[in-house]
Each structure stands twice: as structure tokens, then as C-alpha cells.
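Quick note on labels: first sequence line is chain A, next is B, and so on, each numbered from 1.
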2 protein chains.
Amino acid sequence: MLVRDGEVRMQSVVEQTGVSVGSLYHRFGSREGLLARAWLDTLAAFHARFLAALDQPGEVPGLAEALETPRFCRDEPDKALILVCCRRSELMSDDTPEALQAELAAVNDGVMAAIEAFCRRTGLPLEIARLGLIGFPLGAVKLYMPGAPVPEALDEEIERAYRAVVLPRLVSS
Amino acid sequence: MLVRDGEVRMQSVVEQTGVSVGSLYHRFGSREGLLARAWLDTLAAFHARFLAALDQPGEVPGLAEALETPRFCRDEPDKALILVCCRRSELMSDDTPEALQAELAAVNDGVMAAIEAFCRRTGLPLEIARLGLIGFPLGAVKLYMPGAPVPEALDEEIERAYRAVVLPRLVSS
DNA sequence: CTTATTCTAGAAATAATGTTCTAATATGGG
DNA sequence: CCCATATTAGAACATTATTTCTAGAATAAG
């Protein structure tokens, strides 16, 4: 576990990974670089799954994506820990290396574009989509992480919430 | 704003409050003491409202409490910032002064007891109650904070989610 | 095998942050 | 008004964290 108590010290990274300080600086350039890389890799892993789910329309549009969050937490607990239990602002800030900031912008743009396309396709207001796809699922899994596994049964509850908020707004409903 | 980027430096507290280092240490004893006090005061302010709501049974039991979170964010944005955007572990840890740890335990016990009583009264499973009362409302407001106000319209969505998850489990439903 | 290159190690230097301390200032009771 | 107590101020100090640096080990190409 790289992240604990919200503070990442280079020293603790050294201890918990067995990698020396010199190697860390050789590879990441700085603490900022290391944190940004951790955040970006995590985000990329999640977004890959999220976007894949967006392309498979099921009975209820978007439901698969909403359920991708708890599944990600179960499938990749280490990455999910960073995604769910860290704020972006903790890992990336104004003095994050320029190149990495650009990388983040690119990833974010990709996801926003996908969500906006989803909204156009379904007629959902953006705020409702964000709530159902991100807000509720994230709030649900945070009740368990870190410390406990995200139970399978949670998915059913997330689905209920998603349907309740999204279905009344679907044009085709 | 006392909290920025998840790190609270004594120096930044001095700058943003105009209070000198000496005074801070006179009053709070240590950085740990200051952080814990901020967390506890915030928690107390929220819990006072939350528990008050728990005692007024409405048409849908618990709904008023669920909506207390977005309302708190609008009514007391500074405190809400700490409650919503900080992890407890950032502000309280093992080396928090003993007395303050005890205070936290007392507050937590009070809330847990109230929620458990609520569950006994309504027949709701604890996990469902936590999801509807805490998980979903918190996930919803976090989409906006920090940076934007929590819109009034969000309450309706939280209510939909609450009903969807809670009503099917209510014995009297 | 040899050399060039990349990577690793960890001590030492640098920088940032938390805490203490003493003097000065306010505050309130007699 | 005077003293006692509580509070404030901020420079000095101590601690903790990040970064640099040099020497050595691994790796790969010729």
C-alpha cells in the first residue's frame, strides 16, 4: 500500500516498495512526478473499463458503466484505493510537471467527451448522468473502502439508485 | 479556507486566519490538536442537525436525514468543506491527543446508536440505512464540492435514490 | 570480453515545516 | 490604578522530508 493517511512520503514509498530513493528519482524525477504518475495510471485503468462499458448498450443505458465502479474496486483493489480514497488535488497540483498535466487533461477530455456523447444519445441532462454514473457509485463504495471489501450485494443497490434517477429522464422511457 | 490540497501547514493557518503561531499553540497545543478540534467541531455541528432530523418522523422515515447533507453544505459551506472534502484520517490519527480521540469515539457512538435505533424501528438493514443516509448523499454533494455550490435540485435526486433503496425494504411498506 | 548506457544505492545536502521560547500586550478583578 | 493572569507575537530552534550526488551494479550491444 503506497498511500496511507493521505500523505505520501518518499521515505514510506522506499520502505513499502523496497526501491531506493535514487531509483525513484531516476524514474519519476520528483515526488510530484511520482504522485502524478500514480494518479494517471490509475485513472487510465479505470477509464479503459468505463469507456468499454459505455460502448455496450444494454437494456438500461449507462447501467453497466455505473456498476463498473464497484467492480473495479473488487477487481483491482490497489488501484481502486487510489481512485476512491485520494483526491486528485492530493496527487496533482499546479507544480505537477507540465507534461503530466497535459496527459491528465487529455484523459479527462476523453471521458467528458464520452459522457457528453452518452447524454446526447440518451437525452439525459449532464448532471443526472454524472450523478448516476459517478456520484452514487462512488459514494456507495466509499462506505467500505479503505479497509473492507466492496460487497457484491452493493451492485443491486447502486442499480436501484441509478434506475430511480435516470429512467424518469430517459426520452425513450 | 483553512484546508487546501489536503495539507494543513501551521504557516498557512497563520496566514489565512491572521492568528499567530504562538496563539495557535497556546490554544490547541499542537498541530494534531488543531486538526482534531476542527474535525470534531465540524462533526458535532453536522451530527446535531442529523440527529434532530432523525427524531422527526415524516412520511418516509429517514428521508429528512438523507437530505440533511446537501442542506448542511448550503447552510454551512465552511464546515461542510471539512466534512465532505477531508478524510477523518487526515485530521485525526493515532497520535491525536488522547482526550480528543475519546471525544471522537463518544460522538461516533452517539450517531451509531441513533442509526441502529432507527434500523430497529424501521426494520432496515444497517447497510441499507448507511447507504441511503450517508453514502448516496455524500457521493452526490461531492460532485460539486469544493468549488461549486450544491444545487437545490440535487435534493430531489437524492430523494429518488433514497426511496428506491429504502422503500422496498421497509416492513411497513 | 569490453564498453557504453541505464539503473540502483544510500549517505549527505538542502529545503520545508512543526514547535518552543521569551518578551510584549491585552484583560479583568480588587 | 495596579497587579495577576491570560493571550499574542514572531524570531529562533528542532525536526522531518525532499532532493542531489557519487560510486557501484546490472544490462545490452558490438
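Between B:T42 and B:F72, the shortest heavy-atom distance links the atoms O-CZ, 4.3 Å.
Residue pairs satisfying the salt bridge (charged side-chain N to carboxylate O under 4.0 Å, His left out) criterion with at least one member in residues 30-40 of chain B, sequence neighbours excluded, are listed as follows: B:R37-B:D41, B:R37-B:E103.
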Per-nucleotide protein contact string for nucleotides 19-25 of chain C (B base, S sugar-phosphate only, - none; heavy atom under 4.0 Å): BB-----
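In summary, B:R9 and B:E15 do not engage in a salt bridge, as defined by a charged side-chain N under 4.0 Å from a carboxylate O.
For A:D94, the CG atom counts as loosely surrounded, since its 6.0 Å shell holds 12 or fewer non-hydrogen atoms of other residues, nucleotides or ligands.
Applying the side chain to side chain contact (heavy atoms under 4.5 Å, CB included) criterion to A:V60, with sequence neighbours excluded, gives A:L63, A:Y162, A:R163, A:L167. Applying the salt bridge (charged side-chain N to carboxylate O under 4.0 Å, His left out) criterion to B:E116, with sequence neighbours excluded, gives no partner residue.
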Could you walk me through whether B:L104 and B:R88 satisfy the side chain to side chain contact (heavy atoms under 4.5 Å, CB included) test, starting with their C-alpha distance in whole Å, then the side-chain angles of each, then the deciding distance to 0.1 Å, before giving a yes or no? CA-CA 10 Å; B:L104 175 65; B:R88 184 196 54 84; 3.8 Å; yes
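Here the range on DNA chain D touched by chain A, meaning any atom under 4.0 Å from one of its heavy atoms, is D:dA17 to D:dT20.
If you take CD of A:Q11 and C1' of C:dA12, they are 14 Å apart, rounded to a whole angstrom. To the nearest angstrom, C1' of C:dA15 lies 17 Å from CZ of A:R9.
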Donor-acceptor pairs under 3.5 Å, side chain of residues 137-152 of chain B to any protein atom, not counting sequence neighbours: which ones?
from	atom 1	to	atom 2	distance (Å)
B:Y144	OH	A:E127	OE2	2.7

